[in-house]
Structure formats: structure tokens, C-alpha cells
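Structure first, then comments.
Residue numbering restarts at 1 for every chain, and letters A, B, ... go by the order of the sequence lines. All heavy atoms count here, side chains included; hydrogens, waters and symmetry mates do not.
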4 protein chains.
Amino acid sequence: MMAIIKDNTILCQLELFRNFGIIEDMKKKDAHKTEQIIEAARAIIIADGAAAVSTTKVAKQVGIAQSNIYIYFKNKDELLISVFQHEQARVKAFFDDHISQKGDLTAQLKAYIDAMGELAMTDWDTMAILEQIKAMPKSPVLTDEALPGSDQRVQGLMQAGIDAGILKNVDPQLHMTAVFSLVRRYSDLVRNHGYPTDFSPVRAMIWDAVSAK
Amino acid sequence: MMAIIKDNTILCQLELFRNFGIIEDMKKKDAHKTEQIIEAARAIIIADGAAAVSTTKVAKQVGIAQSNIYIYFKNKDELLISVFQHEQARVKAFFDDHISQKGDLTAQLKAYIDAMGELAMTDWDTMAILEQIKAMPKSPVLTDEALPGSDQRVQGLMQAGIDAGILKNVDPQLHMTAVFSLVRRYSDLVRNHGYPTDFSPVRAMIWDAVSAK
Amino acid sequence: MMAIIKDNTILCQLELFRNFGIIEDMKKKDAHKTEQIIEAARAIIIADGAAAVSTTKVAKQVGIAQSNIYIYFKNKDELLISVFQHEQARVKAFFDDHISQKGDLTAQLKAYIDAMGELAMTDWDTMAILEQIKAMPKSPVLTDEALPGSDQRVQGLMQAGIDAGILKNVDPQLHMTAVFSLVRRYSDLVRNHGYPTDFSPVRAMIWDAVSAK
Amino acid sequence: MMAIIKDNTILCQLELFRNFGIIEDMKKKDAHKTEQIIEAARAIIIADGAAAVSTTKVAKQVGIAQSNIYIYFKNKDELLISVFQHEQARVKAFFDDHISQKGDLTAQLKAYIDAMGELAMTDWDTMAILEQIKAMPKSPVLTDEALPGSDQRVQGLMQAGIDAGILKNVDPQLHMTAVFSLVRRYSDLVRNHGYPTDFSPVRAMIWDAVSAK
DNA sequence: GATGAATGAGTCTTCATTCAT
DNA sequence: AATGAATGAAGACTCATTCAT
């Protein structure tokens, strides 16, 4: 019994100790757990689809109790939203890196198409996850700005292209669809069906589809 | 013995009676139950997605006991496959009506695009269902010839177009993706976002995307 | 429509015809169906145990509608009882063939042991089925005279042996158990574990167990 | 920050408090639930056979929700295995108590027979349960060392007896069957049919069956 | 913060039995 | 005699969520 008391004392001291010093660490630890959970959810989505995500499975994969999920996320939905945003952020970062604001509009548009092509190849999983969550029966993610590249900035770019007479005068969504779906299909063919990794013909298809003349 | 004969007579009369009036109804009811179940499943898919289909919900919607589903379908999977084939048949019928084998290749290809455009508008649900079931986590439908327009015949048409130098020399799947995804997006914009119902600009996008030169 | 009426007429005539002539055939047909059902149940018991018997499976195996089972048997229990009696009859026939009433008591008792040994080898399935049904959770067969060899006649034989001072003065059930369980085990070892097919040591064990002195 | 420290203090006090009083109760409750479930399963097996065990019934008997079973056991099979091992342990303990390694072989063998006799009387349920689970259609318990007394040690004892010329030169399984089945039958007669509780004639039967001369 | 326990609703599936035809 | 349809009950199992500790 004494031993247990001692254990408790030690535990308390540790707790105290922790509180005074390593709060940063704590937060990091917490953040890390959050990260781990999101990562586990990601893995499940990639393996078995978004519908297969369950708190049980996620917790098991992380190695924590099922109920712990609810410490880090209010809901299963909130978890999925976090995963979604996580991937969205990755996409955003990618575009921040790859799209320059300079150059003429045509160059920017072509750069965007190429960037999407590269993204589809390098971050296949990311895109799959975004699609999966969006396509869920009662998706927790409803906003239209969800699809990668379809955020405000890209939509603006497209609109500018239309206004400048570079792109066909149709709803920008159609342009974005042309880019997105062809790029996705191309990366699928390359990844899963041994299609040659030459993006130029696909780039041509897309450009012909969207360009005004 | 007489009794038995009488019984038989009565039986025969009953049989006769049935033939004149109610047999139609009876048979229809039997076949109709199957139909009703499929219809209920359809409705659920349209409303909440394929993952939301459950034997319980389907049965409730039809107004029968849940276990009855298993009289008409071996499995939930079999039910979904039936729904799928049901819709597939609809698509096939549509194309049998709308695509002529005559005319030059270019005309045929353009006719196909227009047919897809019309199909996407008139049979929105059908296409949504096919997509939904195909995209299911562990889809009971695996064959590639599933997506509307991606069956053998269409693929052949595309290949012919490529061989004749009319279409770009890329994997026919890419052509089909261009047609399918733009047409889908267009119909979505029209249906759900008040986009003007003018297919011609979309047709132009598609054609520019796929045509050589 | 006329055709259908005709069909009905023909049907009626056939029915009549049947009633006047081939009642014998009918009965044979019926008996055969009954037999088929019992046979199917037997097969299922042997393969998966008595608990695995279901009207569904039996009907499927026979190739008839599930509900037809209830034409030939009032109950699933009645069916199992029939199977049981079927096998019991087989055992009875075996003993009628193999046990002679003549000879002195010792010879008769030894003959019985040998007969049991042979039965366990030749009619393994039969014995397995009898055991299975008897051991069922809520067995439809409750009577003690069920186990092969434990019927009146055998019990009488044992009692006579006891009275004559040939067998140990214990409850005949114990004698029967000695015979039955050792014989079963022996046949199991032979059938399933490559034990040499020499019954004599087993016969010795049994005889030593039961014989007085 | 202070608040957090206080919380910790309180927490520590609570922890301490727990250690002095209620922790015992708590832990017992947890372990006890497992025990209760096993006990309920036991009761059902004894009353209606192993096939009658269902998660629903077990849960109802314990007074918990059916799904709770799955907190304590991965499977229904795992539950049954646990019940099995539970009983097996009881048997093992019994033999550890009742069988001495000392004395000559003959004495040991006779001691084993007597021990089995006593076990069959005192732990009737235990043996019934072990038999029941072993005999299940698709038993979760497959190992041969399952039957009470048939574990390695007993088999070794038998083999030693054979080698020493004390027991008949037959498969040890046959010896074990002789012991087990006669002892079972005897206890059944005593328990359920008012047979006199004198083991000596049964001991004689068994010994005559197994002994070499 | 972390956990184990609890639960009720839901998942698919099988079954024995009845009934109208 | 034969069948297809119907059904309610039961089967095992999963899940999202809550709560006391």
C-alpha cells in the first residue's frame, strides 16, 4: 500500500513538474496525438474509403482508447473535417510553392495546369482523400471550395482568363472540371495501368478544352 | 373419390376464373415487389448515397418485413448489383436509341457527345446511381464497363476515332473522361445552380479537348 | 388466353387421370420424396452436425421449396425424429442379422460385442447421427432406448448375463457403456488416426471389463 | 496556472482516497463482470447445451446490454474458449491436488482412476461443460488435450503403464476412454437415477479393462 | 488528459413456420 | 402435392457517443 501511495506522490510531483516547465512539450504531445489520429484516419480512408472510418478503428490504430478520440475531436465528423482541412492545407502549400503570380495570364494558367498535373502524381493520396470525404453520403464537408484548386484564388484566375479572352466564356467550374478530371484520370492511368508518364498530350487536351480559340 | 374429383373440378374452375381476371394483377405483384425494392433502393441512393442503403430502410420504404428482402435478393450486394444493372440497362437503351451506326466517324463521335449531354440531363439520377455504386468502398460492381458510355462499343468508337486521326492519340479512357466529366458538371450546373441550358459551349469544350489538331 | 385455358383443361384431365390409376405410383413418389428429405438431413448432420439442419438447407439439397418440408413432416423436430428412427431401424436390422438367439449365454454376449465392433466400423455414420441427435440441446429424441444396442433386447441380454454370473453385478447400463464407448473409440482411431484394424485387443478390454471374475 | 495546480492537488487527493477504500471494489467489479459473463454462459451450457449460448441470453442473464459482451470478449468463440479454459483449470487443479507422483506406477494409475471417479461426482457440471463445448458442431476448442485427464501428463502416465507391462498394450486413448466413459456413466447413474454410491465395482470394471492381466 | 465501461441503435443474415394459391 | 411469399424472432457483431473515475 505504501508503494501505491508513493507512486501517487511521484505521479503528483510529475504532474506538478510538468505544469511548471514543459507546457510546450505538453502541447506538442497533444498536437502529436491529434496528428496521429488524423494520420490514422487518413490511412483508413486510403485503404478502405471514408465510410470505413470508425472511431474504434482509428483509436486501435493509434493505440489509444476509443473514447480518447473525443478528447481531441468533438465528433467523428469533426475528425473527418480535420482530415479534410489537413489535406487541403497540403494542396494550398503546394500551390503556394508552384504558382507564381508573375508572368502573363496565359503563362499563369498553363503553370496552374502543370501544377495540377504534378500534384495529381505526387499527392495522389491527398486528392483521393479530398474526393472521398467530399463524396461521402452525408459529407461533413459541404463547401464548394473544397476541391483542390477550386478555391477562391483559382476561381479568380479562371475568371481573369475568361475576362481576358484567353479562356472560353463558360462557367469557371467547367474549366476547373476539365483540368481536374483529366489530370486525375491521367494520374490514375499512370499509377495503376502503366500508362506512359508523358503529361504533354494531357496538357494539350486540357488547354484545347479551356482555351478560347 | 368423388370428393376428390369435385375438388379438382372446383380447382379447375378457380383456375379458369383466375385466368380471366386477376392473374395479371397477381403476376405483376410478384414481379412488382422486386421492382419496388429496387425502386426503394434507388431512392435511398439518390437521397443519401449508396452507403446509406440498408435492408432495413429499403424494407421499411416498401412496407414489407426486412427479412423479405432476402426472398427477392440473395444478398444486399445482389440487390445493389440489380439496381446497378437496372440503371445500366436504361443507359444502354438510351444509346441504342440515340447513336446511329451510320454517318461518317466524325458525325458519330459528335452524336455520341450530344447523346451523353442529353443523357446527363434527362437521366441525372441514373448516372448518379451508377457513379455511387461504382464508387462504393467495397463495391459489388467491379467491371470497368460499368460507367455509362465506357462499354465496349464506346471504347471501340473512340479507338476508331483515334485510328482515323480524328481524335488525339491518347488513351481512349482520357477521351471518355473528358466527355463524361464535363457533361456531368454541366448538367450539375444546370440542375442545381441555374446555369443556362445551352449545351453548345460545353460541346465545344469537349470537342476541342478530344479532337486532333 | 385460349392456350392457357387449354393448359388448365389438360391439367384437370391429368389430375383426374392420376386419381383413377396411378395412386400406387403416387404413394411411391411421396415415399421417395420423404426418403430424399431424410437423406438430405442425414447428409447435413454428417457434414455439419445436427444443429446445422435447417428446413432451408434440407429443401435446397432436395431441390424443393422450403415449405414443402411441412407437407412431409409436421415439424423440423418430426423430421429429425424420422431421421433418428431411420438410423435406429438400420441398427436393429443389423442386430437381427448378426445376433443369434442360440448358443450359450457367453457366446451370445461375445457375439454381441463383436457385432457392435463391426457395426461401429461399417455404419459409422449411422452411429454418429444417432449420437448427434441424442446430444442435441433440446433433443427431440429423449427416450433412453435410443442408443444402438441399448434397447430392450440388449438390456435383457445383459441382465441375463448378470443373473448367470457371467457378467459383473453392476447396472447393465455400465456394461453397455463399456461396450459402446470402447467400440466407438476404436472405430474412431481406425477411421481417423490410422490405428491398426485389429479388434481383438479391444474385444479383450471390453470382455475383461464386463465379465465377472 | 494556479487553477491547474489546484486541480492536480485535488486529483492527487482523490487518488489517495481511492487507494484506501474503494479501489478493491472497483477492480473486483471489473474482473467480476468477466467472471459473471463466464458464469452465465456456464449456466446456459449446463441447462440447454453449448449450442444454446447466445450473446443475447448471456447478457440478459448478467443484466447488461448485449453489446457489452464484446467489451469483455472479442468473440462469442472467445467467450466459449474462456469458459472452457475456466473449467479446464478447475480440472487441472483437482488433479494437482489428487494425484501424487510418488508410489509405484500401479498405485499411481489406480489413484488416477479414483481421482477421475471423484471428479466426475464432485464436478459433474465441469465435465459436462467440457464435453459440450468440445462436441460443438464447429467447436472453438480443437486441441485433443482438452478432455479432462487426457492431457499430456495423463497420456504419459498411461504410456508408462503400458511400457511397464501393467496396462494392456493398446493405444492409450483406449485406456483413457475406458476410464472416462465408465466414470461418467457411473456418476450419471448416481446423480440422475439413484444408483448406489459405491465406486468399487466401477473401479474394478475399469481396472480389469485396462490392466494387462 | 486518459481510460474502461456502458449502451442503444443499427448492421446483415438465417430460420421455422404459416398461408393463399 | 407443391410453391412462393410473408413474417417475426433471433443470430453475431459494430458503432458513435457518454460518463465516472
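- Per the geometry, CZ belonging to D:F73 stands 12 Å off P belonging to E:dA6, to the nearest Å.
- Nucleotide E:dT3 holds its C1' atom 11 Å from the NZ atom of A:K33, rounded to whole Å.
- Remark on DNA chain E: of its neighbouring residues A:Q66 and A:I71, the 5'-side contact belongs to A:I71, judged by nearest-heavy-atom nucleotide.
- Distances shorter than 4.0 Å separate none of the side-chain N or O atoms of C:N68 from OP1 or OP2 on F:dA1.
- Looking only at distances, a side-chain donor or acceptor of B:S139 sits under 3.5 Å from a matching main-chain atom of B:I133.
- Backbone-only contact: B:V53 has heavy atoms under 4.0 Å from sugar-phosphate atoms and none from a base.
- Each of D:D77 and A:T55 has a nearest nucleotide on DNA chain F; the 5'-most of these lies closest to D:D77.
- A straight line from CG of A:L80 to C1' of F:dA16 spans 12 Å, rounded to a whole angstrom.
- Mapping D:I64 and C:S67 onto DNA chain E by nearest heavy atom places D:I64 closer to the 5' end of the strand.
- Although no hydrogens or angles enter the test, the distance criterion places no donor-acceptor pair under 3.5 Å between the side chain of B:K134 and the main chain of B:V141.
- For A:K57 and F:dT17, the NZ to P distance is 15 Å, given to the nearest whole Å.
- Taking atom NZ of A:K60 as the reference point, atom P of E:dG4 lies 13 Å away to the nearest angstrom.
- Of the possible donor and acceptor atoms, one in the side chain of A:Q132 sits under 3.5 Å from a partner among the backbone N and O of A:A50.
- When rounded to the nearest whole Å, the span between CD1 of B:I69 and C1' of F:dG4 equals 16 Å.
- If you check E:dT21 for Watson-Crick or wobble pairing at under 3.5 angstrom, you find it paired to F:dA2.
- For the pair D:F73 and D:I81, the minimum side-chain heavy-atom distance is 4.5 Å or more.
- The base of E:dG10 lies outside donor-acceptor range of the side chain of B:T56, with no N or O pair under 3.5 Å.
- Close to E:dC12, at under 4.0 Å from its OP1 or OP2, lies no side-chain N or O of B:N75.
- The distance from atom CD1 of A:I37 to atom P of F:dA16 is 14 Å, rounded to the nearest whole Å.
- Residue D:S54 is classed as a sugar-phosphate contact, given heavy-atom separations below 4.0 Å to backbone atoms only.
- Under the Watson-Crick or G-U wobble criterion, with both distances below 3.5 Å, E:dG10 is paired with F:dC13.
- For D:K76 (side chain) and D:V53 (main-chain N/O), a donor-acceptor pair under 3.5 Å exists by modelled atom type.
- Nucleic acid contact class of C:K74 (heavy atoms, under 4.0 Å, all strands): none.
- With rounding to whole Å, B:E78 atom CD is found 16 Å from E:dT14 atom C1'.
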